[in-house]
Structures are given as structure tokens and as C-alpha cells.
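Scroll down for the structure; my scribbles are underneath it.
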2 protein chains.
Amino acid sequence: MPASLDAQDREELMRTAENVFREFLRDRSLKYTAEREKIVRAVMNTDEHFEAEQLLLMMRQQDKRVAKATVYRTLKLLVDCGIVKEVHFSNKQVHYEHTYGGDPHDHMVCRRCGRIIEFDAREVAKLRTLIAAEHGFHALAHRFQIQGLCATCTKSCPIGLKVKLLTGKAKASTGRGKRKK
Amino acid sequence: MPASLDAQDREELMRTAENVFREFLRDRSLKYTAEREKIVRAVMNTDEHFEAEQLLLMMRQQDKRVAKATVYRTLKLLVDCGIVKEVHFSNKQVHYEHTYGGDPHDHMVCRRCGRIIEFDAREVAKLRTLIAAEHGFHALAHRFQIQGLCATCTKSCPIGLKVKLLTGKAKASTGRGKRKK
DNA sequence: GTCAATGCAAACATTTTGCAACTCT
DNA sequence: AGAGTTGCAAAATGTTTGCATTGAC
């Protein structure tokens with residue numbers, strides 16, 4: 001995520017994203033409303049992953065109020081449009097991130113501390129195309145996520161030792177597992 | 001998925017899976033109950049991806065009744081135990097599949113017809129380890145999914161043509177998009 | 001006998017929907 | 001003018017939880 005953009009680049013990116021969205025809508029005879037504009041702008045101003053609810057809150061704080069339903073409806077359009085991507089970290093809500101103007105990346109999630117690290121997705125994209133081709137498939141996109149232990153957690157938790165991780169997190173975190181044996 | 005197992009191999013696999021689960025439970029001072037046994041067995045008898053609800057139904061049809069809550073609780077344990085893996089196709093329910101005794105694979109989803117194809121995950125696993133290492137990460141697992149068009153749909157839908165796909169499926173399927181231009 | 005597991009229903013959280021009022025184009 | 005959009009609240013979904021009862025070890 002291009003968190004290091006200066007204000008000018010950001011404004012530039014914003015504008016082109018808006019245009020892409022507007023054109024996408026026009027192509028489908030949909031309307032570019034004030035609410036949709038507020039939402040694209042809010043999304044483009046977010047460099048982190050976010051949930052629908054968070055976006056809504058953020059927008060409220062900036063007095064860009066829209067209905068929750070509108071946020072959900074618009075996020076779907078933005079996904080279809082390719083400006084936003086869904087990310088599935090937990091089994092609960094969907095997370096979103098805008099992918100417009102940034103380098104494609106995927107995520108690595110630490111099962112111990114939950115930290116999320118992004119990495120360049122180009123190798124993955126290459127592999128996906130290859131695999132797809134082998135199956136007569138035409139790849140358009142992928143979802144990839146590596147789960148494991150981050151550097152810090154690896155240190156404090158020697159490999160080979162069976163620890164309770166936050167997999168399906170079946171109350172694994174209560175840490176009162178009196179294992180015998 | 002090893003759908004081609006004969007009855008004997010299947011029974012063999014079933015038994016070892018049960019043992020793995022039993023041991024997993026014992027290690028944590030949890031109990032191997034009749035319900036849990038029913039559930040592992042049902043899971044191991046399923047070679048397709050399934051949702052919690054489907055498993056429940058299937059079990060009911062075979063008069064292996066358990067409460068829905070028990071299914072959810074047990075599936076979590078099975079995930080932690082490594083016998084079952086969560087698969088996230090849609091944004092709705094979680095799908096599960098048992099991964100015990102089968103070759104590791106990932107999925108390819110056709111955005112047009114929804115077809116799901118499995119492919120060998122070994123290359124992906126290699127790549128994940130590599131990428132993880134580059135970031136001081138210790139990879140334990142991954143989730144990978146390729147989205148695109150299957151062979152059939154690619155034929156009926158020339159590449160380059162913008163079609164309505166079932167991405168976020170924002171009512172994209174109503175097919176009454178009178179595009180202009 | 002003890003601690004954990006079950007079943008049930010109620011609770012939850014997130015997302016979707018129906019509909020009247022509104023607004024882009 | 002008219003088709004699409006909004007906001008709201010209600011509904012729908014999928015999953016989790018509380019608790020009394022039951023069961024494994």
C-alpha cells in the first residue's frame with residue numbers, strides 16, 4: 001500500500017480512481033451519485049485494510065454520512081470495478097482494501113500475534129497463470145494468504161514445539177490448556 | 001480428493017483419522033464423545049467441500065443426529081487438529097473439507113459458472129515457504145484460490161470482451177445491463 | 001465424582017432486502 | 001420524466017453462547 005504518497009500524488013490518484021469508477025458506472029447505465037463519490041474518496045483515503053463498519057465510522061467522523069446499506073452496496077460495485085479487493089482474514093466480516101494505484105500484494109498472517117505483513121504478489125501471479133493454463137483455465141485474479149509465525153513469534157516459540165495457535169481459535173487463546181503427557 | 005478409494009482403504013483412513021482426533025483430544029484433556037465420533041466419521045465420508053449445515057443434514061439423513069452447535073464446535077476442533085481445512089469460496093458461510101489422507105490441493109473457481117477445480121498445491125507450498133523466509137516468517141499453511149474462467153466458459157466468452165462476472169455479484173447476474181458506448 | 005460436552009433456544013454480528021422518498025441523467 | 005439510488009428499519013444468514021442436563025474418564 002502506497003502510504004508514502006504526498007498530498008499531490010494522492011489527489012491525482014483519487015481523481016483517476018474516481019474517473020475509473022464513473023466510467024464503470026456509465027458503462028452500465030448506473031449513476032454517479034454524491035454518496036458513491038463520498039465512498040470512493042473515503043476508500044482511496046484508506047491505506048489499511050478495513051471493514052464496512054469501519055469505513056462507515058470513518059466517514060461519519062468526517063461528516064461524510066451515508067447509510068450503512070449504501071456502503072455495502074457501493075463496496076460491491078467497487079469490487080466489480082476492480083478498485084477494491086476483498087480480503088478474508090477471519091471468518092467473520094469481509095475486509096476490504098483499495099488496490100488502485102498500488103503494487104499488487106498478498107498477505108501473510110501471524111497465527112500467534114495476528115500481525116499482517118504484505119508481500120509482492122508478482123511471483124504468485126506468475127504461478128497462478130501457469131497453473132491455470134495447465135487446466136485450460138483463464139486466470140483473472142487470485143487470493144493468497146500465508147499463515148505462520150512472524151519473525152518475532154518464531155524467536156519466542158522454537159520451531160517444533162507444539163503451541164496453541166489461533167487457527168480456528170477454538171478457545172485456544174484462553175491459555176488454560178492443561179496438557180498431560 | 002481421493003474419491004477413488006475402495007471401501008477397505010476408506011475404512012482404514014477413517015480409523016487413522018479417528019485415532020488422530022482421539023489423541024488430539026486426549027492431549028488436551030478433552031473427551032472423545034459419541035457425537036464427536038459421529039462427526040469425524042461423517043466428515044471423513046465426505047469427499048466434497050461442505051458447509052456446516054450440509055454436514056448436519058447429511059448426518060440427519062443417516063440418523064446420526066447431533067445438535068447444530070455441536071457440529072460447529074467439533075468442526076473447530078477438527079480444524080485445529082488438522083484433519084479439516086476451512087475453504088472460503090463465497091463471503092457467506094465457511095466451507096470445509098477434510099484433508100486427511102488426501103494430496104494437498106488448492107482451488108480454482110470459475111467466475112462465470114462457479115465450477116470449482118482442484119489442483120496440486122505443491123508448487124504453491126514451495127513458493128509460500130520461499131516468500132515467508134524472505135520476510136523472516138515461518139510458514140505453516142496457506143490459502144490459495146485462483147479466480148478466472150474455466151475452459152468451457154473461456155470458449156463461449158472470448159478473452160478481451162468485458163463480461164459480467166460473478167465477482168462480488170452486485171446483482172451483476174440480472175443481465176439487463178444495456179451498455180452504451 | 002468431576003469436569004467437560006451436549007442440546008436447545010436465545011443471542012449475535014454482519015450483511016441483505018423491501019419500500020417510499022428522492023435524485024441523477 | 002424515468003430509471004436508478006438512498007435511507008431506514010426489518011429480515012435474513014451464519015455462527016456463537018448461556019445454561020441446565022447428561023456423559024466420559
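Throughout, protein chains are lettered first and strands after them, A, B, ... in sequence-line order, and every chain is numbered starting at 1. Both backbone and side-chain heavy atoms feed into the values below; hydrogens, waters and symmetry mates do not.
The residue among B:Ala67 and A:Ala34 whose nearest nucleotide of DNA chain C is located toward the 5' end is B:Ala67. Each of B:Gln93 and A:Thr70 was assigned the nucleotide of DNA chain D with the nearest heavy atom; the assignment lying further toward the 5' end belongs to A:Thr70. Residue B:Val66 is the one, among B:Val66 and A:Glu51, whose nearest nucleotide of DNA chain C lies closer to the 5' end (criterion: closest heavy atom).
In this structure, A:Arg36 does not reach the C:dC24 phosphate: none of its side-chain N or O atoms is under 4.0 Å from OP1 or OP2. Taking side-chain N and O atoms only, B:Lys92 has no distance below 4.0 Å to OP1 or OP2 of D:dT15. Between A:Arg73 and D:dT5, a side-chain N or O to OP1/OP2 separation shorter than 4.0 Å is absent. One finds no side-chain N or O of A:Ser29 lying less than 4.0 angstrom from the OP1 or OP2 phosphate oxygen of D:dA3. Remark: B:Thr33 is not in phosphate contact with D:dA24, judged by side-chain N or O atoms under 4.0 Å from OP1 or OP2. The side chain of A:Tyr72 places no N or O atom within less than 4.0 Å of a non-bridging phosphate oxygen (OP1 or OP2) of C:dT16.
In this model, no side-chain donor or acceptor of A:Lys68 finds a partner on the base of D:dC8 within 3.5 Å.
The residues B:Lys38 and B:Glu35 are annotated as not salt-bridged, no charged nitrogen and carboxylate oxygen being separated by less than 4.0 angstrom. Using a 4.0 Å cut-off between charged side-chain N and carboxylate O, A:Arg15 and A:Glu18 make no salt bridge. For the pair B:Asp106 and A:Arg143, the salt-bridge criterion is not met [side-chain N within less than 4.0 Å of a carboxylate O].
Separating the CD atom of B:Glu37 from the C1' atom of C:dT6 is a distance of 16 Å, rounded to the nearest angstrom. The nearest whole Å value for the distance from the CD atom in B:Glu35 to the P atom in C:dC8 is 11 Å. Spacing between atom CG of A:Leu55 and atom P of C:dT14 amounts to 15 Å, rounded to whole angstrom units. Taking atom CG of B:Leu25 as the reference point, atom P of D:dG23 lies 19 Å away to the nearest angstrom. Atom CD in B:Glu53 sits roughly 13 Å away from atom P in D:dT16 (whole-Å rounding). Rounding to whole angstrom units, NZ of residue B:Lys76 and C1' of C:dA5 are separated by 15 Å. In this structure, A:His88 places its NE2 atom 15 Å from P of D:dG14, rounding to the nearest Å. A straight line from OH of A:Tyr96 to C1' of C:dT15 spans 8 Å, rounded to a whole angstrom.
Taking every side-chain heavy atom of B:Lys31 into account, C:dA5 is the closest of C:dA5, C:dT23, C:dT15. Picking from C:dA9, C:dT15, C:dT6 the nucleotide with the shortest atom distance to the side chain of B:Ala69 gives C:dA9. Of the listed nucleotides (C:dT25, C:dG7, C:dA5), C:dA5 has the atom at the smallest distance from the side chain of B:Leu30.
Not counting sequence neighbours, the partners of B:His95 by the ring-ring contact (aromatic ring centres under 6.0 Å, His included) test are B:Phe89.
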Let me have the donor-acceptor pairs involving side chains of residues 123-137 of chain B, under 3.5 Å, with sequence neighbours excluded, atom names and distances please.
residue: B:Glu123; atom: OE2; partner: B:Lys126; partner atom: NZ; Å: 3.3
residue: B:Arg128; atom: NH1; partner: B:His142; partner atom: ND1; Å: 2.8
residue: B:Arg128; atom: NH2; partner: B:Leu140; partner atom: O; Å: 3.4
residue: B:Thr129; atom: OG1; partner: B:Ala125; partner atom: O; Å: 2.9

Report the C-alpha separation of A:Leu75 and A:Glu86 in whole Å, then their side-chain angles, then the decisive distance to 0.1 Å, and conclude whether the side-chain contact (heavy atoms from CB on, under 4.5 Å) test is met.
-> CA-CA 9 Å; A:Leu75 280 173; A:Glu86 296 182 350; over 6 Å; no
